[in-house]
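The chains referred to below are lettered A, B, ... by the order of the sequence lines, with proteins before strands, and numbering in each begins at 1. No hydrogens, no waters, no symmetry mates; every other heavy atom, side chains included, goes into these values.
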2 protein chains.
Amino acid sequence: MSREPLSRDRILRAALAVADDGGLDRLTIRSLAQQLGTKPMSMYHYVANKGEILDGLVDLVFAEIELPAATGDWRAEMTRRARSAIEVLRRHPWSIGLLESRTTPGPATLAHHDATIAALRAGGFSIVETAHAYAVLDAFTYGFAVQLSSLPFEGPDSAAEVAESIMAAMAGAYPHLAEFAEQHALQPGYDFADEFEFGLGLVLDGLGRMVER
Amino acid sequence: MSREPLSRDRILRAALAVADDGGLDRLTIRSLAQQLGTKPMSMYHYVANKGEILDGLVDLVFAEIELPAATGDWRAEMTRRARSAIEVLRRHPWSIGLLESRTTPGPATLAHHDATIAALRAGGFSIVETAHAYAVLDAFTYGFAVQLSSLPFEGPDSAAEVAESIMAAMAGAYPHLAEFAEQHALQPGYDFADEFEFGLGLVLDGLGRMVER
DNA sequence: ACCTGAACACCGTTCAAGT
DNA sequence: ACCTGAACACCGTTCAAGT
């Protein structure tokens, strides 16, 4: 089928595709080789081991996040960056668990850090303030992505069904949780993703106060 | 060696010990059996599969986090809870990647959620405000734990050495990142963990403003 | 009832061999 | 130079058998 020669790039793009539609568990050297129309061992000419593929994937995901610009309007740029990051992590939920375990940053990852620092500095943040801002922004954004990905339900329909049954057993032992679920989280219009804008606004407001005083 | 009979509890405690000193990769059914002085298949009388062991581990970790009390002083209770969570996650870094992938909460997990909601409600938070607060607090706390665990270095000594060499290659391509690292992150007294209190304070201040107005 | 040996269908990776 | 078959040391889990 695929007659173009193997390459590190082609391997990584195929790995991204496999992970996107089967999750990280489905991504094995063997399945990857099959998807590429080669044999497992062929790939070891382009990557040292599976870890290097995972590192490459993390960098591919980072590359999809919009880079902030050093315009001086740090709030607009950080908002755009955070929203883009959440979108990208929703698109590649399998990557969330990976970002934490891989400690060898690739070029796109480094470029992303560089652009973010540049945008904050251009907005008037000192180096110490930049450190504060970066830590709290990324902790919030990344943590929110984790929460989103670990919600037990996908659609708003299944949510109610799944939870309703748990609820009955729960009401006695966990009254506050039960009340919260019934009156809020299980209501028709509820979407946890909406909490992102509140939290992001809260963090950005706090940072605004930090630099103004 | 160990003559006390096998039990779900004994299996989970052993699994926690294995994960604590070898990481999650080292925790296999086979290694666990050996640690317990039994054979792999014996454990299937107490747990359905490995996933159930992982679910149990997550609940054991949750059980270690201090429960907030419904005293009305929500800020003190949320501070205590967040600090405790970070401590616990540092003690069991392997669990961080697990919390996200396991979607069947155990009793300690549910009790934790219940107590947190109760503490916020007792502090005067409406249900909607509780949802806001819980989302942003947990996103920040959990995300910060992830950042901490993915730092490439442990001690403050190795930090400089590891990074110094990267820095040289980096300075050209990523000038802002290089400047930031040199002038801040690689300075002797720097400890990323210190950013936690800043971020937590920022989030709590924001929540305080939300409930006061 | 509780435990376990053998076996199955998988992994990532090494090593020696093909073209 | 690029690719690959066979093999090794692992996995989690099923199934049938032991006590």
Side-chain angles (χ1 to χ4, degrees), chain A residues 1-60 94-95 97-98 100-104 106, chain B residues 1-60 94-95 97-98 100-104 106:
Chain A
M1 183 122 305
S2 45
R3 278 300 89 198
E4 42 175 336
L6 221 46
S7 70
R8 192 187 141 84
D9 218 68
R10 215 158 85 77
I11 289 171
L12 289 178
R13 286 203 317 274
L16 191 76
V18 170
D20 275 346
D21 73 38
L24 216 50
D25 287 345
R26 210 80 106 223
L27 176 62
T28 67
I29 295 286
R30 285 163 154 95
S31 71
L32 190 51
Q34 195 175 11
Q35 164 107 1
L36 285 163
T38 44
K39 304 291 167 178
M41 293 312 106
S42 307
M43 290 183 303
Y44 284 82
H45 283 268
Y46 303 94
V47 292
N49 48 43
K50 191 178 178 181
E52 210 170 288
I53 296 178
L54 298 180
D55 284 338
L57 283 182
V58 168
D59 211 50
L60 280 184
W94 49 267
S95 74
L98 224 51
E100 142 237 358
S101 60
R102 300 276 113 200
T103 52
T104 314
Chain B
M1 185 123 303
S2 44
R3 278 299 89 196
E4 41 175 337
L6 219 47
S7 69
R8 192 188 142 85
D9 217 68
R10 216 159 85 78
I11 290 172
L12 289 179
R13 286 203 318 273
L16 190 77
V18 171
D20 275 347
D21 75 37
L24 216 49
D25 287 346
R26 210 80 105 223
L27 177 62
T28 68
I29 294 287
R30 284 164 155 94
S31 70
L32 189 51
Q34 195 175 11
Q35 163 106 2
L36 285 163
T38 44
K39 305 291 166 176
M41 291 314 105
S42 305
M43 290 183 304
Y44 284 83
H45 282 268
Y46 304 94
V47 292
N49 48 43
K50 192 178 178 181
E52 211 170 288
I53 295 177
L54 298 181
D55 284 338
L57 283 182
V58 168
D59 211 49
L60 278 184
W94 49 266
S95 74
L98 224 50
E100 142 239 358
S101 59
R102 301 275 111 200
T103 53
T104 312

OP1 or OP2 of [N] under 4.0 Å from side-chain N/O of [X]:
X: A/Tyr44; N: C/dT14; result: no
X: A/Lys50; N: C/dG12; result: yes
X: B/Tyr46; N: C/dC2; result: no

Between [X] (side chain only) and [Y] (backbone N and O only), is there a donor and an acceptor less than 3.5 Å apart?
X: A/Asp55; Y: A/Val58; result: no
X: A/Asp9; Y: A/Leu12; result: no
X: A/Arg30; Y: A/Pro40; result: no
X: A/Arg102; Y: A/Gly56; result: no

Just how far, in rounded Å, is [atom2] of [N] from [atom1] of [X]?
X: A/Leu32; N: C/dT13; atom1: CG; atom2: P; answer: 12 Å
X: A/Ile29; N: D/dG5; atom1: CD1; atom2: P; answer: 16 Å
X: A/Ile53; N: C/dC11; atom1: CD1; atom2: C1'; answer: 14 Å
X: B/Asn49; N: C/dA9; atom1: CG; atom2: C1'; answer: 17 Å
X: B/Arg8; N: C/dC2; atom1: CZ; atom2: C1'; answer: 18 Å
X: B/His45; N: D/dG12; atom1: NE2; atom2: C1'; answer: 16 Å
X: B/Met41; N: D/dT13; atom1: CE; atom2: P; answer: 9 Å
X: B/Gln34; N: D/dC10; atom1: CD; atom2: P; answer: 11 Å

ask   = If you take all heavy atoms of A/Ala15 and A/Ile53, which pair is closest and at what distance?
value = CB-CG2, 3.9 Å
ask   = Using a cut-off of 4.0 Å on non-hydrogen atoms, how would the nucleic acid contact of A/Ser42 be classed: base, sugar-phosphate, or nothing?
value = base
query = A/Arg30 or A/Met43: which one's nearest nucleotide on DNA chain D is closer to the 5' end?
reply = A/Met43
query = Taking for each residue the nucleotide of DNA chain C bearing the nearest heavy atom, is the 5' side occupied by A/Ala48 or by A/Arg26?
reply = A/Arg26
inquiry  = Only pairs with both distances under 3.5 Å count, Watson-Crick or wobble alike; so what is the partner of C/dA17 in this structure?
reply    = none
query = What is the base-pairing partner of C/dC8, counting Watson-Crick and G-U wobble geometry with both distances under 3.5 Å?
reply = D/dG12
